[in-house]
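Before any comments, here is the structure.
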2 protein chains.
Amino acid sequence: MLQERLFDPQGRDLADCPVRHVLDHLAAKWTTLIVLELAAGPRRFSQVSKALPDISKRMLTQSLRDLERDGLIRRTVFPTKPPSVEYALTAMGQSLLPPLLGLIEWAQAHEVQIATARQAYTG
Amino acid sequence: MLQERLFDPQGRDLADCPVRHVLDHLAAKWTTLIVLELAAGPRRFSQVSKALPDISKRMLTQSLRDLERDGLIRRTVFPTKPPSVEYALTAMGQSLLPPLLGLIEWAQAHEVQIATARQAYTG
DNA sequence: CAGAATCCTTTCGGATACTG
DNA sequence: CAGTATCCGAAAGGATTCTG
C-alpha cells in the first residue's frame with residue numbers, strides 16, 4: 001500500500017488535507033480536552049495538570065506545544081520567581097469551541113444509545 | 001501518575017466520560033473519514049477502500065467493525081458469488097453528520113491561518 | 001469480493017530523574 | 001513552577017499471505 005505520495009480525488013496531498021489535520025488533532029487524545037479546559041479561561045500549567053489528572057507532564061507539555069504551534073493557544077511566560085506560565089485560547093482557538101461543543105453535545109445525547117449498541121453487539 | 005482509578009470533578013470515572021468516549025472514537029483516525037464517505041450513500045467494502053486509498057484493508061476492516069459495534073453504521077451481506085457487503089450509516093450515524101460537518105467547515109475555514117501559524121512557529 | 005491471520009516496525013505515552 | 005531528558009513497555013498500524 002503506502003505509495004510514495006498519496007493524493008485525494010482533488011489531487012491534494014492527503015497528509016496536507018486540512019480535514020485530516022484537524023482530525024489528527026482530535027486524534028491526539030489530549031489536545032481536545034486541553035482546549036475544553038482552557039475554554040473556561042486562562043490556566044497555568046499546574047492548573048491544567050490538576051484539571052486533567054490522568055495526563056502525564058510529558059504529554060501535557062507536548063500537547064500544549066502542538067496547540068501553540070497551530071495557533072490555537074497562546075503561551076505567556078511571567079518572569080517571576082519561580083516562573084509561571086499561562087496558557088490561553090487565541091481567537092482561533094475560541095472559534096473552534098462552537099463546532100467542538102456541538103460534537104460534545106452529540107456525544108452526551110447518544111451516550112446511552114451507543115452503550116446499548118455495544119452491549120447488543122456480540123462479535 | 002496513573003492512579004488506580006481516575007475521577008473527574010463530577011466524580012465520574014474518566015474512562016467512562018462520554019466526551020472522552022467519542023473523542024477516542026474520532027481518535028481512531030480513520031473512522032471519521034469512513035463516516036464522511038458513507039455520508040454520500042451506502043458503499044461496498046471495495047468502494048470505501050478506493051475512496052480512502054491510504055488505509056490498509058486491515059485497518060479498514062477494523063474501523064468498520066468499530067463503527068458497526070457502536071451502531072453508527074449497518075453492515076449488510078448479499079449472498080452473491082462472490083459475496084458483496086454493503087455499509088451504510090444508521091440513523092444515529094446520520095445524526096452525527098451535522099456536528100461533524102461543523103468541524104469540517106471550521107477546518108477548511110482556518111486552513112490557511114493554521115498553516116501560517118505553523119510557519120511562524122520556530123521552536 | 002471481503003475479509004482473517006500473522007508478522008513486524010513505528011509511534012504513543014507512562015515512569016522516573018534532573019534542571020533553571 | 002514548569003518544564004527537559006531518557007528509558008521502555010504497550011498499542012497502533014502497514015505488508016503480506018491465505019480463505020470461503
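A, B, ... follow the sequence lines: proteins, then strands. Residue 1 opens every chain.
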OP1, OP2 of dG3(C) versus side-chain N and O of R75(B): anything below 4.0 Å? yes
Whole angstrom value for the distance that separates [atom2] of [N] from [atom1] of [X]:
| X | N | atom1 | atom2 | result |
| --- | --- | --- | --- | --- |
| K57(B) | dA5(C) | NZ | P | 14 Å |
| L33(B) | dG13(D) | CG | P | 12 Å |
| M59(A) | dA5(D) | CE | P | 14 Å |
| W30(B) | dT11(C) | CH2 | P | 14 Å |
| I55(A) | dA15(C) | CD1 | P | 12 Å |
| Q47(A) | dA2(D) | CD | C1' | 13 Å |
| D66(B) | dG13(D) | CG | C1' | 13 Å |
| L64(A) | dT4(D) | CG | C1' | 14 Å |

Treating H110(B) as the side-chain partner and W106(B) as the backbone partner, does any N or O pair qualify as donor plus acceptor under 3.5 Å? yes
S49(B) (side chain) donor-acceptor with S46(B) (main chain) under 3.5 angstrom: no
Closest to the 5' end of DNA chain C, once R65(B) and P82(A) are matched to their nearest nucleotides, is R65(B)
Between R58(B) and S46(B), who's closer to the 5' end of DNA chain C by nearest nucleotide? S46(B)
Applying a 4.0 Å non-hydrogen cut-off, can you work out what K81(A) is touching in the nucleic acid: base, sugar-phosphate, or nothing? nothing
Touch class at under 4.0 angstrom, heavy-atom based, for Y87(A) against every strand present: sugar-phosphate
Checking D70(A) now: which residues fulfil side-chain hydrogen bond (donor to acceptor under 3.5 Å, both in side chains) with it, not counting sequence neighbours? H25(A), R118(B)
N-O pairing of E37(A) and R43(A) below 4.0 Å: yes
Of the nucleotides dG3(D), dC1(D), dA2(C), which one has an atom closest to the side chain of F45(A)? dG3(D)
Looking only at side chains, do Y87(A) and R75(A) share a donor and an acceptor under 3.5 Å apart? yes
